[in-house]
Amino acid sequence: MAPSPTGFLHIGNVRTALFNWLFARHEGGEFRLRIENTDTNREVEEATQQIQDSLRWLGLDWDGDVTFQLDRLQDCAEIARRLVEEGRAYEDEGAIRFRMPDDGVTAWDDAVRGRVEFPNDKLEDVVLVRSDGRPTYNFASPMEDVWDGITHVIRGEDHISNTPKQINIIRAVGAEPPLYAHVSHVLGADGKSLSKRHGSVTVDEFRHAGYHAPALMNFLALLGWSYDDKTTIMSPDELIERFSLDRIVPSPATFDYEKLDWLNGMHLRALSPDEYADELVKFLRDEGYDWDESLVRRAAPIVQEKIERFGQFPDFAGFLFRQIDPESVTLPAGGAPVVTAAHEELERVEPFAAPEIEAALRGLAERLEVSPRKAFEPIRIAATGSKVSPGLFESLELLGKDETLRRLSAAAGGAAA
RNA sequence: GGCCCAUUCGUCUAGUGGCCUAGGACACCGCCCUCUCACGGCGGCGGCACGGGUUCGAAUCCCGUAUGGGCCUCCA
C-alpha cells in the first residue's frame, strides 16, 4: 500500500489497502506500507501518522518498517544516470526523461481486468528526475517495487494509464514487472467519487460515529469483492481465509451507508455480552463521556439488540446517566392518570427488579383495562423522555426505584407525590 | 480531443454458452412476533444500457453505439 501523505486516508484508499492486506494474509506473504512523499510541496505533516493510526484501528497490520519514497533519492539518481548513459533516457531542461518505445504495444495481464494493452506511440517520455534532483512518482514507485521485491501491486484504477510507463521503466533496468491488480473506485450515491458531502469518508469519522472495525472491514471487503452468491457476514479471519484476487469485480462500487449500518448492527449483536460492554465502554471513553462505567456495563445488554452503532448510545440510553429534559416529557392524552397509578404500584415493588416491575405494570394495565402497549407508553415517556427506549422494565430497574418514582411523579405533575 | 477502463434489481453482488420464466443481501412495501424501537419469520416490488452479429441456444463470446469514469503535470 503506497499512499501519498497529503491528508487523511480516504475510505476508498482504505479499501485498496484492505485488498492488499487480505491478499497478503491469505497467501502468507507480506503487506508493506510505503509513503509516497516525492512531492514534498503537498506533504501534510500529520498525515503519515494518521495513515498509520487509521490502518491500525481497522486492524490492518503491515510487515516491516514503513518506508519513505524520498529516502531512495540517491538510488534513483544513480539509476537515472545509468539510463542516460545507456541512451534510454535523456536530459531535458535540467530534468531527465525516459525514452518510451515508439512502436508496438505494452501490455500486461491485470489480475482484475484481464489483458490491458496500450499502444506505445501514445506513451510520452515521462520525467524520471526533476530539475531539482527529486525523482518523480512514476520513476520512484516502480523502482521501489523492484528493490523491495514487490510481487503484487494492488492499487486504484487511476493508475492504469501509469502502468505501461512503469513497466517500460522496470524492463529498461533489466527487471521483471510485478503482477498488477487495478481495483475500481468507490463512489457516492450520486455516482460521483465518494467525498465529504456524501457522509463520512475518513476512517476517523467512522470510528467516532461508533462503527465496529471488523464490521467496517466486512463492508469494505464486499465493495467490489464477494465470496459467493450468499455469504455476507464475515469476520476478519473468515475474510482472510476466503479472499482471492480473481473474485474482485472491475466495475466501480457505490458506498451504501445504510447497508454499512445494518452490517454493523449484525456484527455488534454477534459480540458476546462482555465483548460488547468492553467496546462500548472504550467508545464512550474515547468520545469523552465520563459516565459511570459499571452502569454502562449494566446498560450494555439492554441496548445490544437495539442500536446498530455505538454512536447511538448517548441518545438512546442517555436517560440513565443524566436528567431528562422536561420539555421532552409530553404525555399522550389520558397518560397522566396511568403514570400516577404506576407510581403507586411501583412504590410497593420489592425488589425493584425487571421481573417484579413487569408483573406490577402488567397487572396495572389489566386492572385499568388498557392494552400494555397503551399503558406503557406514558410510563416510558415519563421515565426516559422518549417514546423509543430499551425495554421498559429493565430500564426502570437500572434507573432505580427512587429515580423512577421521582420521574413519574414529576411527569404526572407532582400529584402522585 | 487522444488513449484506457467500466456497464446485471435504487444499492452491493451471484452468474464465465444450456442448471436463468436471472439467485442472494441492503433499502422499500405488506403481514406475523411484540411494552416502544430493534431483532427474527413470511411474502412482495424490482434488473441483464441499446443495436447488430456468432451459435441449435447468449446476461455470458465478437463488433458498434450510448452512458459513466480515469489519465494525458518536472502531482501521486
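The figures here come from the full heavy-atom set of this structure, side chains too, leaving out hydrogens, waters and symmetry mates. Here is the naming used below: chain letters follow the sequence lines, and residue numbers restart at 1 for every chain.
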*Across the strands shown, which category fits K387(A) at heavy-atom distances under 4.0 angstrom: base, sugar-phosphate, nothing?*
base

*asked:* With a 4.0 Å cutoff (strictly under), does any side-chain N or O of R247(A) reach OP1 or OP2 of U13(B)?
replied: no

_Would you measure the distance from the C1' atom in A14(B) across to the matching atom in G70(B) and give it in whole Å?_
27 Å

*Counting only Watson-Crick or G-U wobble pairs whose two distances fall under 3.5 Å, which nucleotide matches C37(B)?*
none

*asked:* On the nucleotide G69(B), are OP1 or OP2 found under 4.0 Å from the side-chain N or O atoms that S193(A) carries?
replied: no

*For atom P, what is the distance between C62(B) and U16(B), given to the nearest Å?*
16 Å

*Under-4.0 Å side-chain N/O to phosphate OP1/OP2 contact, T254(A) with C12(B)*: yes

_For a quick test of reading the model: is some side-chain N or O of R134(A) closer than 4.0 Å to OP1 or OP2 of C74(B)?_
no

_Distance, C1' atom - from U67(B) to A49(B), rounded to whole angstrom_ = 8 Å

*Go through the N and O atoms of the side chain of R269(A) and the base of C39(B), and report whether any donor-acceptor pair is under 3.5 Å.*
no

*Answer with yes or no whether K306(A) presents, from its side chain, a donor or acceptor under 3.5 Å of a partner atom in the base of U36(B).*
yes

*asked:* Within the 4.0 Å heavy-atom criterion, would you say K374(A) contacts the bases, only the backbone, or no part of the nucleic acid?
replied: nothing

_Pairwise C1' distance for A76(B) and A38(B), with rounding to whole Å_ = 45 Å

*Tell me whether the guanidinium CZ or amine NZ of R88(A) lies under 6.0 angstrom from the six-membered ring centre of F98(A) and within 45° of its axis.*
no

*Determine the interatomic distance between C1' on C45(B) and the same-named atom on A25(B); round to the nearest Å.*
16 Å

_So, OP1 or OP2 of C3(B): does either fall under 4.0 Å of a side-chain N or O from S161(A)?_
no

*Euclidean distance for P, G43(B) against G24(B) (whole angstrom)*: 10 Å

*Option from E394(A), K306(A), R380(A) for which side chain to side chain donor-acceptor pair (under 3.5 Å) with S389(A) holds*: R380(A)

*Answer yes or no: side-chain N or O of N162(A) and base N or O of A76(B) forming a donor-acceptor pair under 3.5 Å.*
yes

*Phosphate oxygens OP1/OP2 of U34(B): is one of them under 4.0 Å from a side-chain N or O of R373(A)?*
no

*Considering Watson-Crick and G-U wobble pairs with both distances under 3.5 Å, what does C74(B) pair with?*
none

